[in-house]
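To keep things clear, I will list the structure first and then write my remarks on it.
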Amino acid sequence: MALVNHFIEIHGLKKRYQSGDACVEAIQQMDFYIDDKEFVAIMGQSGSGKSTLLSILGALNRPSSGTILVDSMDLYALNSEQRADFRSEYI
């Protein structure tokens, strides 16, 4: 069986924000993929994590845990300059 490389792959994504003594889980557990040339809409209620997800995909907001691969690149294994180059090329 051939290994499938998806254009975007999200594995075990979590994002938590600390607000004083409270911990807010913006994204609790997320796994999905998007293939090249696929059209996807991000929808949900206010506070469901849409903007957080997009800022993580745009390499602007580091996840608490999980892996984000875009075109087989692990976004958060890149340094900040490489992430800026990624944004320039892909976003």
Side-chain angles (χ1 to χ4, degrees):
M1 183 186 288
L3 180 64
V4 176
N5 288 329
H6 304 288
F7 187 67
I8 297 174
E9 294 183 53
I10 306 292
H11 301 283
L13 180 63
K14 294 181 182 183
K15 179 62 181 177
R16 294 179 198 89
Y17 294 101
Q18 195 68 35
S19 179
D21 291 336
C23 180
V24 176
E25 291 198 17
I27 299 174
Q28 294 179 4
Q29 175 69 31
M30 187 178 289
D31 297 283
F32 71 92
Y33 64 86
I34 301 171
D35 288 322
D36 193 23
K37 297 183 173 78
E38 189 172 14
F39 182 84
V40 175
I42 307 295
M43 298 170 31
Q45 297 177 335
S46 178
S48 63
K50 301 176 303 290
S51 296
T52 299
L53 172 62
L54 293 175
S55 68
I56 290 170
L57 283 171
L60 294 168
N61 191 353
R62 185 173 293 278
S64 300
S65 64
T67 305
I68 296 87
L69 301 173
V70 177
D71 203 9
S72 299
M73 284 185 294
D74 184 341
L75 289 189
Y76 292 94
L78 304 174
N79 65 37
S80 60
E81 185 176 319
Q82 291 169 321
R83 285 195 307 274
D85 291 342
F86 161 81
R87 284 190 295 275
S88 176
E89 185 174 336
Y90 285 87
I91 306 294

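None of these values were measured; they are calculated from a predicted model. These numbers come from the heavy atoms of this one structure, side chains and all, not from hydrogens, waters or symmetry mates.
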Using atom types as modelled and distance alone, determine if a side-chain donor or acceptor of Lys15 lies under 3.5 Å from a backbone N or O of Ser65.
no
With no hydrogens and no angle check, is any side-chain donor or acceptor of Glu89 less than 3.5 Å from a backbone partner on Phe86?
no
Tightest non-hydrogen contact, residues Pro63 and Leu13, listed as CB-CD1, 3.4 Å
Check whether any side-chain N or O of Ser55 sits under 3.5 Å from a backbone N or O of Leu60 as a donor-acceptor pair, and report yes or no.
no
Side chains of Val40 and Phe32, heavy atoms from C-beta outward: is any pair under 4.5 Å?
no
Taking CD in Glu81 as the centre, count heavy atoms belonging to other residues, nucleotides or ligands within less than 6.0 Å. Is the count above 12?
no
Test log, rule side-chain contact (heavy atoms from CB on, under 4.5 Å), inputs Leu57 and Ile10
CA-CA 9 Å; Leu57 283 171; Ile10 306 292; 3.7 Å; yes
Cluster link Leu53 to Tyr17, ILVMFWY, side chain under 4.5 Å:
no
For Glu38, look at atom CD and say whether over 12 heavy atoms of other residues, nucleotides or ligands are found less than 6.0 Å away.
yes
Expected output: side-chain Asn61 to main-chain Ile56 donor-acceptor under 3.5 Å
no
If every non-hydrogen atom of Cys23 is compared with every non-hydrogen atom of Gln18, which pair is closest and at what distance?
CB-OE1, 3.9 Å
When every non-hydrogen atom of Tyr90 is compared with those of Asp71, the smallest separation belongs to OH-OD2, 2.7 Å
Is the backbone of Leu78 close enough, under 3.5 Å, to the side chain of Arg83 for a donor and an acceptor to pair up by distance?
yes
Transitive ILVMFWY side-chain link Ile68 to Tyr33, under 4.5 Å:
no
I need the Gln29 CD to Asp31 CG distance, nearest 0.5 Å.
5.0 Å
Are any non-hydrogen side-chain atoms of Lys14 and Ile27 less than 4.5 angstrom apart?
no
Which value, rounded to the nearest 0.5 Å, describes the distance between Thr52 atom OG1 and Glu25 atom CD?
12.0 Å
Can you check side-chain contact (heavy atoms from CB on, under 4.5 Å) on Thr67 and Leu69, steps first, answer last?
CA-CA 6 Å; Thr67 305; Leu69 301 173; 3.9 Å; yes
Test item: Arg87 side-chain N/O and Ala59 main-chain N/O as donor-acceptor pair under 3.5 Å
yes
